[in-house]
Amino acid sequence: MSLNFSEIEKRWKKFWEENNTYKVEIDKDKPKYYVLDMFPYPSGAGLHVGHPLGYIASDIYSRYKRMSGYNVLHPMGFDSFGLPAEQYAIQTGIHPADSTRENINRYKGQLSNLGLNYDWSREVQTSDPDYYKWTQWIFARMFEHYYNTKLQKADSIDNLIAEFENKGNANVDAYGSEDRIFTAEEWKNMSDKEKDGVLMNYRLAYRKVGFVNWCEALGTVLANDEVKDGVSERGGHPVVKKPMNQWSLRTTAYAERLLNDMEKIDWSESLKTMQRNWIGRSEGLQMFFDLDGMDEKLEIYTTRPDTIFGVTFMVLSPEHPYVEKLTKPEFEKEVTEYKKYAVNRSEIERTSEKKVTGVFTGSYAVNPLNGKKIPVWISEYVLMDYGTGAIMAVPSDDDRDRAFAEKFDLPIIPVIDKSKYPGSTSKDKEGIMINSDFITGMEVPDAIRAVEDKVESMGIGKKQINYKLRDANFSRQRYWGEPFPVIYDDQEVAFLLPDDELPVELPPLNEFKPSTDGKSPLARNEKWVHEYEGFTRETDTMPGFAGSSWYFLRYMDPHNDDKFASEEALDYWQDVDFYIGGTEHAVGHLMYSRFYHKFLYDLGLVPTFEPFKRLVNQGMIQGVIEFLYLKKDKVNDKSVFVSADLISKDEEEDYAKIPVYIGFVKDYGSPKSYLDKKGIDEFRNWRKEYIDAEFVTSSGTYSAGKTELEDIKFYTLSEIGKMSKRYHNVVNPDDVVAEHGADTFRMYEMFLGPIEQSKPWDTKGIDGINKFIKRFWSLYIDMDDNWIVTEEKATNEELKILHKTIKKVTEDIANLSFNTAISAMMVFVNDAKKMNIHKSEILIPMIKVIAPFAPFISEELWHKAGKEGSVHHQLFPVFDESYLKESTVSYPISVNGKKRGIEEFSKDLSKEELEKKALELKYVQKWIEGKNVMKVIVVPGRMINIVVK
RNA sequence: GCCGAAGUGGUGGAAUUGGUAGACACGCUGGACUCAAAAUCCAGUGAUAGCGAUAUCGUGUGGGUUCGAGUCCCACCUUCGGUACCA
């Protein structure tokens with residue numbers, strides 16, 4: 001009755017805002033600490049209970065850090081460019097800026113209801129021109145730089161141009177994709193357009209022909225997400241790869257650094273493994289095969305040069321430029337058809353199905369080491385954008401090549417004897433070479449080296465390091481993204497707009513549909529496109545990651561109009577100490593952010609070479625999805641639902657699974673979830689098309705609103721999955737906060753389990769937290785709202801309970817074990833209740849201990865205690881080890897490893913004394929009677945084990 | 001297929017380096033208070049046998065190392081994530 005949480009929440013939300021409690025400024029007298037959440041995309045659906053899991057954890061952690069004397073930067077913002085707002089605009093005509101603003105306001109309201117301690121004065125929005133001015137500015141710098149392989153850092157493109165003018169490009173230390181060699185003279189004679197083309201092959205932000213998902217029927221380019229099984233998700237129209245000029249970022253230039261610098265950061269090993277796999281470094285040999293009857297040579301890449309004598313055919317990607325030339329007339333029809341087939345298949349399809357496809361071109365290549373002629377095939381399992389788009393196939397030692405050879409009846413020559421290496425697979429580089437000319441008899445690693453040397457000495461190849469990592473596609477044919485600060489002259493040579501014209505703002509538009517030739521909607525605004533006399537603007541926009549790859553830097557100095565952040569701010573805040581977010585961003589976002597950060601580091605614009613020191617992935621809170629089984633075919637023109645207990649695994653495919661609002665389902669989330677009579681009626685009224693449906697259960701049938709069975713149980717199917725509107729299982733945190741209070745909601749989410757672990761949302765246990773908070777409150781305030789804390793001196797026993805709790809909570813926060821920290825506080829309350837503790841010496845520190853977890857009631861109690869300021873600016877209590885000392889230890893006494901009793905012994909007893917006392921125990925006597933005591937193991941402070949025989 | 005993580009009561013989950021398995025909480029059972037209910041408080045709660053003391057079993061399965069294994073090793077099963085014909 002005295003704990004009115006909604007009133008308390010209102011009061012302190014206002015107080016914190018009025019007093020700028022969470023505002024932070026540079027304070028050189030204090031050490032800094034930067035705690036960052038991955039900022040959300042403000043979707044129309046609002047936050048669900050899954051989102052706050054990470055936010056609450058970082059809130060607790062940052063509050064604790066502030067209370068430990070740090071100057072804590074803990075900001076929040078919005079990744080507010082994105083596809084959904086644009087699609088919404090296409091459907092409704094509402095401008096993305098308007099719907100985004102509305103969504104952001106809703107998000108902010110929801111976040112503030114949770115009592116999160118963000119410094120909102122530092123909010124950033126990626127769609128705000130004051131912000132994307134700097135997104136464009138960084139892009140411009142990338143355009144102006146290339147990667148210098150000697151300095152191993154980004155360098156001005158002007159330096160490269162100077163080198164070209166001096167000595168051409170034969171010996172430049174530049175990472176790029178230019179394959180022509182030219183002299184200084186040739187460079188000087190090039191046209192502007194040619195020069196632009198060459199420089200594009202070196203710039204870190206550059207233009208090249210890339211492939212987009214083009215859907216002819218919709219007349220638009222689709223994102224990977226919008227393509228399912230080779231057809232558009234909307235409408236199911238065919239999607240093909242269409243070549244278009246696209247901006248890219250030369251992320252591959254940084255591959256080695258992105259890989260190696262991971263050793264220096266505190267990320268989980270599994271996350272680092274994911275990043276490593278994405279980068280995908282491999283060492284191998286690049287070499288040329290002669291083509292029979294042709295001048296061109298076929299370039300391939302292999303990580304297994306040792307198997308070269310086992311090569312029995314070559315495989316080219318269907319997109320390989322040589323395919324046409326290699327195809328003999330009599331094979332043309334098949335090859336053309338196969339190419340058509342491959343281009344209509346999405347990359348996902350091409351790579352995920354197990355079936356083996358391919359066609360012969362009619363041409364042959366020549367193995368340079370033994371002169372053997374080998375047939376050249378094409379197949380979709382070879383991808384154009386990895387390696388050289390061509391492989392030498394070794395069916396004896398590669399699973400895919402073997403499957404291919406078996407299907408098309410191609411020869412298989414064994415070249416490695418693995419009999420000495422049991423369990424070794426074709427992927428393991430071990431075994432002894434056979435049938436292999438000059439390397440026969442060698443161990444595999446030696447053979448690899450021997451072939452590499454041989455090939456290099458013959459001048460037909462060289463050792464090479466390859467990366468799976470691809471340059472990032474940086475163009476989107478969309479409206480709701482950052483425009484490029486780029487214009488083209490009539491020769492299509494790209495020019496940057498000067499920095500003082502930034503930001504290039506998105507022009508107004510009243511039609512957001514893409515234009516039909518695959519161009520971005522921006523192309524519709526002719527006036528804007530041709531604003532510069534004689535020039536045309538770039539009409540593509542930047543991808544989502546352009547804005548989200550550097551936002552953490554902007555928080556340091558969000559309102560600076562001269563720089564993306566001042567040197568002073570960067571120097572003080574440095575980098576993110578602690579970053580928390582979902583695994584779904586584990587690869588893409590983190591890789592791009594690291595790339596951006598390293599680039600800015602090279603330019604001397606940020607002080608650290610990695611952006612995120614420590615990173616934790618929170619698990620997902622999943623939803624329970626409840627389905628009803630509906631017979632796919634109607635019976636007597638009626639829909640028939642069948643109770644889940646009546647359906648066997650084999651019959652499942654005869655049924656459709658209809659999601660049902662979980663609120664109708666009894667015991668939802670359990671294997672025995674069911675609809676009772678009321679639930680069935682609720683469902684029928686909710687989905688009117690099923691109002692006359694039949695519901696078949698084991699005890700009888702409910703038909704068209706009638707049943708004789710009062711206690712009918714219609715079982716439903718429970719699954720765990722994403723929270724989504726589609727499954728009618730979204731739980732809004734606002735509802736939970738309104739019902740139970742923000743502090744309860746926060747602690748409950750943390751109490752559910754370890755932060756990294758995914759778990760289904762379930763309110764079953766929330767009463768436990770509610771009870772705990774009420775009991776905690778009742779230590780301070782009685783039923784009649786009287787403050788009952790006394791100034792009486794605390795006993796040692798009481799102090800011990802306090803300090804034990806402080807110790808446990810402190811350690812658990814550091815480990816992010818919030819669930820056990822909360823259980824320690826519960827133990828405290830249980831003890832304090834039992835001992836009837838109401839002493840301020842114990843209870844005032846406890847307000848501070850609970851403060852990071854329950855910011856509202858702790859603030860209320862702090863002020864009820866007559867204290868000034870905010871509890872969140874107090875210092876966290878430090879535990880005193882001297883209160884924790886025990887004079888006795890309780891020893892488990894085991895005989896042969898089986899516990900037989902527990903004894904309290906003084907902690908000062910020696911091993912020998914403990915052994916003696918243990919052997920004297922009555923029940924020990926009973927267990928060792930008639931047997932020989934072999935030995936007694938005494939671990940002081942731990943346990944005693946008596947071994948008998 | 002491969003990589004990663006994980007399998008512990010009816011449920012969510014505890015358990016430094018191998019050392020009392022099941023903390024804390026939910027749920028359930030019984031009791032107190034109440035005309036009654038809610039709330040609150042007290043007691044019990046891994047399984048089996050027994051009135052009980054107690055005994056036996058028990059951390060996905062099967063082996064192993066050890067005085068001692070939820071924890072380490074080997075093989076396997078299941079689930080969840082990620083990922084792919086990457087040459």
Side-chain angles (χ1 to χ4, degrees), chain A residues 1 268-271 273-274 276-278 280 282 284-285 300-304 307 315 317 347-348 350-357 379-383 385-394 398-401 403-404 425 427 466-470 583-584 586-587 617 619-620 622 669-670 720 748 751-754 756-760 762-769 771-772 774-775 778 783 811 815 817 819-827 829-830 833 890-903 923 934-939 941-949:
Chain A
M1 57 193 63
S268 73
E269 224 19 74
S270 57
L271 193 68
T273 306
M274 271 195 237
R276 275 189 209 111
N277 291 344
W278 181 285
S282 69
L285 182 69
I300 61 106
Y301 175 76
T302 179
T303 52
R304 296 300 301 272
T307 61
V315 187
S317 157
E347 197 168 314
I348 294 167
R350 276 178 64 163
T351 57
S352 64
E353 286 175 18
K354 299 261 174 274
K355 69 177 175 185
V356 178
T357 64
S379 173
E380 60 179 346
Y381 82 88
V382 176
L383 302 179
D385 42 16
Y386 182 76
T388 62
I391 61 161
M392 59 175 219
V394 186
D398 182 285
D399 298 337
R400 295 174 316 273
D401 296 348
F404 196 85
T425 69
K427 284 198 159 64
N466 248 16
Y467 298 96
K468 214 165 95 182
L469 184 75
R470 302 175 199 170
T583 344
E584 63 270 27
V587 185
N617 285 122
M620 267 208 279
Q622 296 147 317
S670 79
I720 300 296
Y748 181 60
F751 190 61
L752 275 175
E756 289 101 333
Q757 196 171 303
S758 289
K759 53 228 148 190
D762 184 348
T763 43
K764 254 191 275 167
I766 202 163
D767 284 344
I769 296 286
K771 248 187 250 178
F772 158 72
K774 282 186 194 154
R775 279 159 63 83
S778 73
M783 300 289 279
E811 289 169 354
N815 295 328
S817 301
N819 55 335
T820 50
I822 291 168
S823 97
M825 290 187 261
M826 287 173 166
V827 171
V829 169
N830 290 345
K833 275 280 184 187
S890 66
Y891 282 93
I893 313 295
S894 302
V895 179
N896 280 349
K898 227 177 230 326
K899 190 186 79 179
R900 295 300 175 188
I902 297 167
E903 295 302 321
Y923 56 82
M934 306 301 287
K935 59 175 161 179
V936 179
I937 289 150
V938 179
V939 183
R942 280 282 181 202
M943 45 66 68
I944 297 166
N945 188 20
I946 296 150
V947 186
V948 296
K949 213 174 180 181

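Here is the naming used below: chain letters follow the sequence lines, and residue numbers restart at 1 for every chain. All values derive from a computational prediction rather than experimental measurement.
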Just the atom pairs and distances: protein N or O near nucleotides 45-49 of chain B's N or O, under 3.5 Å.
none

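- A/E811 has its CD atom 12 Å from the P atom of B/U16, to the nearest Å.
- Looking at A/T303, its side chain never comes within 3.5 Å of a backbone N or O of A/G284 through a donor-acceptor pair.
- Dashed line: the shortest gap from a side-chain N or O of A/R775 to OP1 or OP2 of B/C41 is under 4.0 Å.
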Enumerate all atom pairs, one protein N or O and one N or O from nucleotides 55-58 of chain B, separated by less than 3.5 Å.
| residue | atom | partner | partner atom | Å |
| --- | --- | --- | --- | --- |
| B/U56 | OP2 | A/R900 | NH1 | 3.1 |
| B/C57 | OP2 | A/K898 | NZ | 3.2 |

Contacts under 3.5 Å, N or O only, protein and nucleotides 10-14 of chain B:
| residue | atom | partner | partner atom | Å |
| --- | --- | --- | --- | --- |
| B/G12 | O2' | A/L752 | O | 2.8 |
| B/G13 | OP1 | A/Q757 | NE2 | 2.7 |
| B/A14 | OP1 | A/N819 | ND2 | 3.1 |

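- The CD-P distance, from A/E380 to B/C86, rounds to 13 Å in whole Å.
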Tabulate atom names and distances for all N/O pairs under 3.5 angstrom spanning the protein and nucleotides 28-31 of chain B.
none

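- Distance check on atom C1': B/G13 versus B/U17 gives 23 Å, rounded to whole Å.
- Looking at A/V938 and A/I944, their side chains come closer than 4.5 Å, going by heavy atoms from C-beta outward.
- Considering all non-hydrogen atoms of both residues, A/Y301 and A/T388 come closest at N-OG1, 3.8 Å.
- One interatomic measurement links the two molecules: CG of A/N617 to P of B/G4, which rounds to 17 Å at whole-angstrom precision.
- Minimum interatomic distance between A/A393 and A/V315 (heavy atoms only, all atoms of both residues): CB-CG2, 4.2 Å.
- Looking only at distances, a side-chain donor or acceptor of A/D401 sits under 3.5 Å from a matching main-chain atom of A/V394.
- A distance of 11.0 Å separates CG of A/N945 from CZ of A/R900, quoted to the nearest 0.5 Å.
- The same atom, C1', is picked in B/A87 and in B/G4; the two are 24 Å apart, to the nearest Å.
- Considering every non-hydrogen atom in both A/M392 and A/R304, the closest pair reads CE-O, 3.7 Å.
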Intra- and inter-strand pairing of RNA chain B, written as dot-bracket with Watson-Crick and G-U pairs under 3.5 Å and | for the latter, reads (((((((..(((......[....)))((((((.......))))))((((....))))..(((((..]....))))))))))))....

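- In this entry the distance linking CG of A/D767 with C1' of B/A38 reads 12 Å, nearest Å.
- Nucleotides B/U8 and B/C24 have their C1' atoms positioned 15 Å apart, rounded to a whole Å.
- The nearest whole Å value for the distance from the CE atom in A/M783 to the P atom in B/C33 is 18 Å.
- Atoms CD1 and CE, on A/I893 and A/M943 in that order, are 8.5 Å from each other to the nearest 0.5 Å.
- Atoms CZ (A/R470) and P (B/U83) sit 13 Å apart, rounded to a whole Å.
- Between atom CD1 of residue A/I769 and atom CZ of residue A/F751 there is a gap of 5.5 Å, rounded to the nearest 0.5 Å.
- Applying the 90° cutoff around 0 to the glycosidic angle, B/G9 is assigned syn.
- Sequence order on RNA chain B of the closest nucleotides to A/Y467 and A/K774 puts A/K774 first from the 5' end.
- Between B/U59 and B/A69, the distance separating the two C1' atoms is 11 Å to the nearest Å.
- Between the CD1 atom of A/I822 and the C1' atom of B/C26 there is a distance of 15 Å, rounded to whole Å.
- B/U71 sits 14 Å from B/A14 when the C1' atoms are compared, rounded to a whole Å.
- Using a 4.0 Å heavy-atom cutoff across all strands shown, A/N830 reaches sugar-phosphate atoms only and no base atom.
- Using a 4.0 Å cut-off, some side-chain N or O of A/K771 falls inside it from OP1 or OP2 of B/C26.
- Along RNA chain B, the nucleotide nearest A/I769 and the nucleotide nearest A/D401 are compared for position; the residue whose nucleotide lies closer to the 5' end is A/I769.
- For B/G44 and B/G7, the P atoms lie 30 Å apart once the distance is rounded to whole Å.
- If you take atom P in B/U16 and the same atom in B/C72, they sit 11 Å apart, rounded to whole Å.
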Restricting both atoms to N or O, compile the protein contacts to nucleotides 64-70 of chain B shorter than 3.5 Å, with distance only.
| residue | atom | partner | partner atom | Å |
| --- | --- | --- | --- | --- |
| B/C67 | O2' | A/N945 | ND2 | 3.2 |
| B/C67 | O2 | A/N945 | ND2 | 2.7 |

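- Rounding to the nearest 0.5 angstrom, the gap separating the CE atom in A/M825 from the OG1 atom in A/T820 is 9.5 Å.
- Here, B/G60 and B/G70 have their C1' atoms 12 Å apart, quoted to the whole Å.
- A 4.5 Å side-chain heavy-atom check between A/R775 and A/N830 finds at least one atom pair inside the cut-off.
- Taking 4.5 Å as the limit, some side-chain heavy atom of A/N896 sits within range of a side-chain heavy atom of A/V947.
- One finds the CG atom of A/D767 at 15.0 Å from the CZ atom of A/F772 (value rounded to the nearest 0.5 Å).
- Regarding A/K468, its NZ atom lies at a distance of 11 Å from the C1' atom of B/C2, rounded to whole Å.
- Closest of all the heavy-atom pairs between A/M826 and A/G768 is CE-O, 4.3 Å.
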